[in-house]
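Presented below is the structure to which this report refers.
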Amino acid sequence: MSVIYLLITISIIVAVLFLYAFIKAVKQGQFDDSYTPSVRVLFDDEIKKEENKPQNQNNA
């Protein structure tokens, strides 16, 4: 039974370490997206064309 307590304790410590590493990476901007804004310019015209399309309304 003492082995279960040891494993639970170790797993909680590992989980807290991963949580700390994740929060630290988020605060440092590791997951910021710097690529998409530069590519969005290339597809900007296509998005505007789709927005300006008239919607077909079938009145029966």
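Residue numbers run from 1 in the order of the sequence given. Below, all heavy atoms of this structure are taken into account, side chains as well, without hydrogens, waters or symmetry copies.
Hydrophobic clustering (side-chain heavy atoms under 4.5 Å, transitive across Ile, Leu, Val, Met, Phe, Trp, Tyr) groups V16 together with Y5. Residues L19 and I10 are members of separate hydrophobic clusters, defined by side-chain heavy-atom contacts under 4.5 angstrom among Ile, Leu, Val, Met, Phe, Trp and Tyr. Hydrophobic clustering (side-chain heavy atoms under 4.5 Å, transitive across Ile, Leu, Val, Met, Phe, Trp, Tyr) groups M1 together with I8.
Surrounding CZ of F31 are more than 12 heavy atoms belonging to other residues, nucleotides or ligands, all under 6.0 Å away.
The NZ atom of K27 lies 12.0 Å from the CZ atom of F22; values are rounded to the nearest 0.5 Å.
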